Amino acid sequence: MHHFHYQQDELYCEDVPIREIAGQVGTPFYLYSHATLKRHFLAFDKAFEGVRRLVCFSAKANSNMAILKLFADLGSGLDIVSGGELFRGLKAGFTPDRVVYSGVGKRVDEIDFALEQGILMFNVESLAELELINQRANALGKTASVAIRVNPDVDPKTHPYISTGLKENKFGIDTETALKAYKIAHEMDHVRVEGIDCHIGSQISEAGPFKDAMQNLMALVDLLADSGIKINCLDMGGGLGITYDAETPPQPDEYARAIVETAKARSLKLILEPGRVIVGNAGILVTRVLYRKPGKDKEFVIADAGMNDLLRPSLYKAFHAVQPVQQKDAGIITADLVGPICESGDFLASERDMADVTAGDLLAVMSAGAYAYTMSSNYCSRLKVPEVMVKGSEFLVVRERQQYEDLVRGESIPPFL
Ligand code: LLP
């Protein structure tokens with residue numbers, strides 16, 4: 001459930017007509033509903049009621065400062081994969097002791113930054129990284145809390161680009177090597193074994209793969225206990241899918257049921273790293289139709305937003321519903337909704353039945369709260385679009401539209417030219 005709805009044929013975000021925002025802000029822009037963000041976070045957190053837990057919102061899904069602040073205030077922790085995400089998170093109000101850090105390619109400066117801040121846990125993805133973290137902690141006079149990110153080799157049955165828990169994926173450490181890694185970590189002077197971690201993929205639409213991963217991890221937890229290594233927390237990563245089209249992913253409580261009992265039985269504190277399920281359906285991309293272009297084989301609707309603004313359709317053939325901001329009785333067309341970028345892969349929707357729009361009409365590209373702005377780029381020197389948050393009858397630009405000057409900031413022409 002989200003707060004984008006029609007009132008007399010006009011699309012609103014909470015109590016604000018989207019047309020009004022477009023009039024003031026221009027197009028394209030991302031639009032987020034405060035009530036939806038809040039509700040999704042609280043519903044997810046509540047699903048795990050009764051078990052010790054920390055829900056760490058995954059910054060990569062949406063790292064706008066206003067959104068991070070909202071979650072920090074609701075008691076969220078933060079899942080990061082870079083020094084930049086740590087910087088943002090701290091600026092937005094997360095305390096370091098609520099931050100978990102995953103990623104296969106942590107650099108020395110990033111490890112140092114996280115150690116100096118005193119983050120909750122490093123999710124370690126290789127033996128080499130474990131070695132480096134121990135060294136850096138030694139150099140800085142710190143102790144690093146770690147979990148080994150285990151690759152449980154389960155099929156999350158999602159798009160291959162976003163599956164991360166199969167043995168052919170670059171993520172985590174296989175269970176056999178993980179056992180070794182824990183024994184090594186246990187002996188290290190500047191590392192403290194705190195948890196066990198996995199993240200098997202994203203946009204997962206059934207509970208089975210989570211259960212399978214959990215079982216593999218628990219077998220390892222038991223083996224470790226036999227070796228005198230105690231695991232205090234279980235980080236199950238993120239991955240719960242959402243409805244973009246007709247998918248029926250488990251609701252947070254069904255997902256929680258798959259995990260909670262096992263965690264409780266072993267007195268493990270749970271860490272969860274949800275991204276998409278919290279923000280995905282709390283945001284949309286609003287774009288204006290520039291032209292209609294009837295092709296020989298196909299009808300094109302050309303919009304002012306393109307693949308640099310929303311990459312998911314081009315990269316994953318991802319489906320995003322497209323809705324008119326003003327509903328008319330003009331009928332339905334089948335068209336490709338494309339952007340202004342110089343690539344044939346630049347589309348927001350392909351062969352889609354959609355409202356029969358004309359130039360100047362506004363369209364809402366739905367489910368664009370996750371992996372949307374964060375994956376946008378300046379390709380073709382296009383300006384990054386603003387982000388707007390609505391709360392009730394108010395709205396505020398929470399990130400300005402870039403200006404041409406922003407495009408060349410930091411560039412210089414060398415004197416030898
Ligand atoms: N934790 C880790 C270690 C992750 O790598 C991810 C996502 C998450 C948590 C959050 O997963 P979520 O709950 O959002 O599924 N760009 C792709 C998605 C990539 C996901 C990467 N990792 C997309 O647009 O579908």
Side-chain angles (χ1 to χ4, degrees), residues 37 40-41 44-45 47 54-63 67 71 76-82 85 89 99-106 120-125 129 147-152 156-166 169-173 195-207 209-210 213 234-245 247 249-250 252 255-256 259 270-283 285 307 309-320 348 365 367-377:
L37 291 163
H40 287 179
F41 179 84
F44 189 90
D45 187 54
L54 181 62
V55 174
C56 293
F57 172 66
S58 192
K60 60 183 81 65
N62 193 317
S63 56
I67 289 181
F71 294 145
S76 179
L78 195 66
D79 159 50
I80 60 162
V81 283
S82 70
E85 286 184 348
V99 175
V100 293
Y101 187 1
S102 307
V104 296
K106 303 179 186 80
L120 177 61
M121 196 163 81
F122 288 88
N123 289 333
V124 177
E125 308 229 14
E129 182 195 330
I148 301 295
R149 176 165 173 182
V150 176
N151 182 329
K157 303 192 182 100
T158 185
H159 190 288
Y161 284 11
I162 54 176
S163 137
T164 48
L166 282 166
N169 300 136
K170 69 176 175 179
F171 300 96
I173 302 180
I196 189 164
D197 167 55
C198 73
H199 169 79
I200 56 172
S202 197
Q203 184 55 13
I204 298 171
S205 56
E206 42 192 297
F210 293 112
L234 165 65
D235 182 341
M236 281 300 290
L240 187 57
I242 62 170
T243 303
Y244 285 97
D245 185 9
E247 306 91 330
Y255 166 72
I259 300 169
L270 258 183
I271 294 180
L272 300 138
E273 302 173 354
R276 189 189 317 267
V277 70
I278 311 284
V279 291
N281 276 322
L285 172 65
M307 67 187 284
D309 303 306
L310 179 65
L311 184 59
R312 302 192 72 260
S314 305
L315 191 58
Y316 313 117
K317 296 201 169 69
F319 178 97
H320 286 262
L348 299 174
V365 182
S367 312
Y371 306 108
Y373 189 92
T374 50
M375 292 174 73
S376 69
S377 78

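All figures in this text were calculated on a predicted structure; none of them were measured in a lab. Because only heavy atoms are used, hydrogens play no part in the values below, and waters and symmetry mates are left out as well, while side chains stay in. Residue numbers run from 1 in the order of the sequence given. Counting starts at 1 for both ligands and their atoms, in listed order.
Between E85 and K60 there is no salt bridge, since no side-chain N of the basic residue sits under 4.0 Å from a carboxylate O of the acidic one.
When all heavy atoms of N62 and F57 are compared, the pair lying nearest together is O-CE2, 3.2 Å.
Residue-ligand proximity, R276 to ligand 1, at heavy-atom distances under 4.0 Å covers atoms 12 (P), 13 (O), 14 (O), 18 (C), 23 (C), 25 (O). Interface of P274 with ligand 1, defined as ligand atoms under 4.0 Å from a residue heavy atom, comprises 13 (O). Listed by atom number, the atoms of ligand 1 under 4.0 Å from G275 heavy atoms are 12 (P), 13 (O), 14 (O). Proximity to M375 (heavy-atom distance under 4.0 Å) selects the following atoms of ligand 1: 16 (N), 24 (O). For ligand 1, the atoms lying closer than 4.0 Å to a non-hydrogen atom of E273 are 1 (N), 2 (C), 3 (C), 8 (C), 9 (C), 10 (C), 13 (O). Atoms of ligand 1 lying under 4.0 Å from any heavy atom of S58, numbered from 1 in the order shown and given with element: 8 (C), 9 (C), 10 (C).
The closest approach between a heavy atom of D79 and any atom of ligand 1 is below 4.0 Å. At least one heavy atom of R149 sits under 4.0 Å from some atom of ligand 1. Using a 4.0 angstrom heavy-atom cutoff, A370 does not count as in contact with ligand 1. Residue contacts with ligand 1 do not include A61, since none of its heavy atoms lies under 4.0 Å from the ligand.
Proximity annotation for atom 6 (C) of ligand 1: of H159, E125, H199, H199 comes nearest, heavy atoms only. With atom 17 (C) of ligand 1 as the reference point, the heavy atom nearest to it among Y316, Y101, F171 is part of Y316.
Between Y244 and F319, the distance separating the two ring centers is not shorter than 6.0 angstrom.
When atom types are taken as modelled, the side chain of T164 and the backbone of G201 share a donor-acceptor pair closer than 3.5 angstrom. Panel note: side chain Q203, backbone I242; a donor-acceptor pair is recorded below 3.5 Å. The main-chain N or O of A61 is never found under 3.5 Å from a side-chain atom of S58 such that the two would form a donor-acceptor pair.
Atom 21 (C) of ligand 1 has K60 CD, 3.8 Å as its closest protein atom, hydrogens excluded (heavy atom only). In terms of protein heavy-atom proximity, atom 14 (O) of ligand 1 is nearest to Y371 OH, 2.6 Å. Closest to atom 19 (C) of ligand 1 among all protein heavy atoms lies I162 CG2, 3.6 Å. Closest to atom 12 (P) of ligand 1 among all protein heavy atoms lies G239 N, 3.4 Å. In terms of protein heavy-atom proximity, atom 15 (O) of ligand 1 is closest to S202 OG, 2.4 Å.
Cation-pi geometry between K106 and F122 is not met at under 6.0 angstrom from the ring centre and within 45 degrees of the axis.
With a 4.0 Å heavy-atom cut-off, ligand 1 is reached by the side chain of R312 but not by its N, CA, C or O.
Partner of V99 under the side chain to side chain contact (heavy atoms under 4.5 Å, CB included) criterion, chosen from I80, D79, L120: I80. Each of L234, N123, V100 was checked for a side chain to side chain contact (heavy atoms under 4.5 Å, CB included) with I271, and the lone residue meeting it is V100.
Ring geometry, Y255 versus F210: the interplanar angle exceeds 60°, so the pair is classed perpendicular (tilted spans 30 to 60°).
You'll find the side chain of S202 stays beyond 4.5 Å of the side chain of T158, heavy atoms only.
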